[in-house]
Each structure stands twice: as structure tokens, then as C-alpha cells.
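Below: one structure, written as C-alpha cells.
Along the sequence shown, the residues carry numbers beginning at 1. Worth saying up front: this structure is predicted, and the values here are computed from it rather than measured.
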Amino acid sequence: MNQMYLILFWVLASCGRPVPSLYQDKTISLHSAEKTEWVGGRAGVRGTMYTIILKKNNTGIVTVKTLRAEGNIIPFTQNNIGNTITLRGNFQHSNDEDTRTADQAPSGISTENPVPQKLHPKDNWIEYTVKGSQKLHGINISKFTAVESSEEPAP
């Protein structure tokens with residue numbers, strides 16, 4: 001029987017049909033996951049804004065407990081409208097290279113700042129509960145889509 005499911009999976013995948021994600025859950029499904037890099041008005045202040053949209057598959061009240069993005073626990077806000085749950089989280093980090101003055105920088109090194117590397121770029125998931133139960137459920141986020149900020153950096 002398992003071979004039949006595997007064959008059906010590959011047939012659907014080869015035909016261009018949508019294949020149910022292994023990360024989908026019976027209560028909620030991931031609609032989109034985006035990230036926007038931002039730079040603050042002060043040297044060394046930068047971060048990433050995460051926006052995740054989930055769709056509820058039933059009428060239960062879902063409360064997200066934890067958002068983990070690219071290996072970091074992210075503080076977030078949750079907004080429920082109808083069957084849509086929107087999570088917005090902001091992760092601020094500093095770049096020590098930005099805070100150096102020109103005379104402190106080593107000679108012969110490019111002045112462009114590298115993007116800080118994430119420790120676990122694929123460690124993305126959400127933990128949530130459904131009203132009436134304390135049992136934690138989880139859904140993985142396979143990847144975040146990078147979105148360019150439409151705002152100009154602060155002076």
C-alpha cells in the first residue's frame with residue numbers, strides 16, 4: 001500500500017499537479033512566508049522582518065506559541081481575521097563592522113559589509129495550540145521568500 005502512495009506522489013509531481021506538502025497540518029496550512037532585510041538609522045543596526053500567513057482549515061481558535069526563523073526564536077504579533085492568521089516578527093541584530101570608523105578598519109579590506117551568516121538557515125517552524133487543548137502542534141516552514149523593502153533607509 002505504501003508503494004502505491006509513493007507511485008501516486010511521483011505521478012502527481014511529474015504532471016505538475018500540486019503535491020500536498022509534508023509540512024502541512026490538519027488544523028492550519030502555510031500560505032506564505034516572507035522575510036525583508038532592513039537597515040536602521042544608526043551604524044550597526046539592522047535586522048529581518050518576517051511575515052507568515054497561515055490558513056485555518058477549521059473554526060478552532062489557534063494560538064501561536066513560538067516562531068523560529070533561521071535558527072532564531074523571533075518575538076512576533078499574531079493577527080486573526082476570518083480563517084487567516086498573520087504573524088509578524090522582527091529580529092534585530094548588530095553588525096560590528098558597521099560601527100567601526102574609517103581609521104579603525106584594517107587596511108586592504110573591502111568596505112562592503114558581508115551579510116551575517118545564519119547558524120541554522122533551515123531551522124524554521126511554528127508551535128501552536130488549539131483552543132480547548134494544551135497539546136502543542138507544529139508546522140515547518142520550508143523556506144522564506146526574500147522580499148525587497150519598499151522603504152528608504154533612515155538617515
Side-chain angles (χ1 to χ4, degrees), residues 9-10 12-58 60-130 136-155:
F9 174 83
W10 287 112
L12 289 174
S14 65
C15 295
R17 296 273 189 204
V19 177
S21 170
L22 297 176
Y23 304 118
Q24 301 302 312
D25 185 272
K26 293 178 183 175
T27 306
I28 61 173
S29 59
L30 181 64
H31 182 69
S32 67
E34 300 175 344
K35 70 176 183 176
T36 305
E37 301 289 332
W38 58 266
V39 178
R42 294 181 20 209
V45 178
R46 59 181 60 228
T48 306
M49 176 68 72
Y50 296 96
T51 304
I52 296 104
I53 298 177
L54 306 167
K55 296 289 184 181
K56 289 192 304 184
N57 299 329
N58 62 28
I61 297 174
V62 174
T63 303
V64 175
K65 300 291 186 180
T66 307
L67 167 60
R68 187 170 189 95
E70 300 178 311
N72 301 298
I73 300 290
I74 308 295
F76 65 93
T77 59
Q78 178 176 338
N79 188 9
N80 299 334
I81 299 176
N83 69 339
T84 303
I85 302 169
T86 303
L87 304 175
R88 285 192 173 83
N90 187 27
F91 183 71
Q92 181 177 332
H93 49 87
S94 65
N95 185 351
D96 294 333
E97 294 294 321
D98 283 349
T99 59
R100 290 184 183 174
T101 60
D103 58 344
Q104 293 174 325
S107 62
I109 295 191
S110 170
T111 57
E112 289 186 24
N113 293 320
V115 175
Q117 292 198 351
K118 310 292 187 210
L119 295 176
H120 303 285
K122 294 186 179 183
D123 190 9
N124 309 311
W125 46 261
I126 295 168
E127 282 184 327
Y128 66 93
T129 59
V130 179
L136 279 175
H137 301 274
I139 185 168
N140 287 331
I141 302 169
S142 58
K143 71 175 187 169
F144 286 94
T145 303
V147 177
E148 292 294 322
S149 175
S150 60
E151 300 176 8
E152 292 184 25

**OP:** List the steps, then state whether side chain to side chain contact (heavy atoms under 4.5 Å, CB included) holds for V45 with W38.
**Re:** CA-CA 9 Å; V45 178; W38 58 266; 3.9 Å; yes
Original post:
Taking C-beta and beyond as the side chain, do T129 and L136 meet within less than 4.5 Å on heavy atoms?
Top reply: yes
Original post:
Below 4.5 Å, heavy atoms only, C-beta onward: do R68 and I74 meet side chain to side chain?
Top reply: no
Original post:
Closest approach of E148 and T36, non-hydrogen atoms and distance?
Top reply: C-CG2, 4.3 Å
Subject >> Distance-minimising heavy-atom pair for T86 and T51 >> reply: CG2-CG2, 4.4 Å
Original post:
Closest heavy-atom contact between I126 and V64?
Top reply: CG2-CG1, 3.4 Å
**OP:** Test side chain to side chain contact (heavy atoms under 4.5 Å, CB included) on T145 and S32 and set out the steps.
**Re:** CA-CA 8 Å; T145 303; S32 67; over 6 Å; no
Subject >> Proximity of F144 and Y50 rings by center, below 6.0 Å >> reply: yes
**OP:** For L30 and I139, work out which heavy atoms get closest and say how close.
**Re:** N-CD1, 3.8 Å
Original post:
Which one of Q92, E37, K35 satisfies the side-chain hydrogen bond (donor to acceptor under 3.5 Å, both in side chains) criterion with T48?
Top reply: E37
Original post:
Closest heavy-atom contact between I73 and F91?
Top reply: O-CD1, 4.5 Å
Original post:
Taking N124 for the side chain and E70 for the main chain, is one N or O donor matched with an acceptor at less than 3.5 Å?
Top reply: yes
**OP:** Answer yes or no: does atom NZ of K143 have more than 12 heavy-atom neighbours from other residues, nucleotides or ligands under 6.0 Å?
**Re:** no
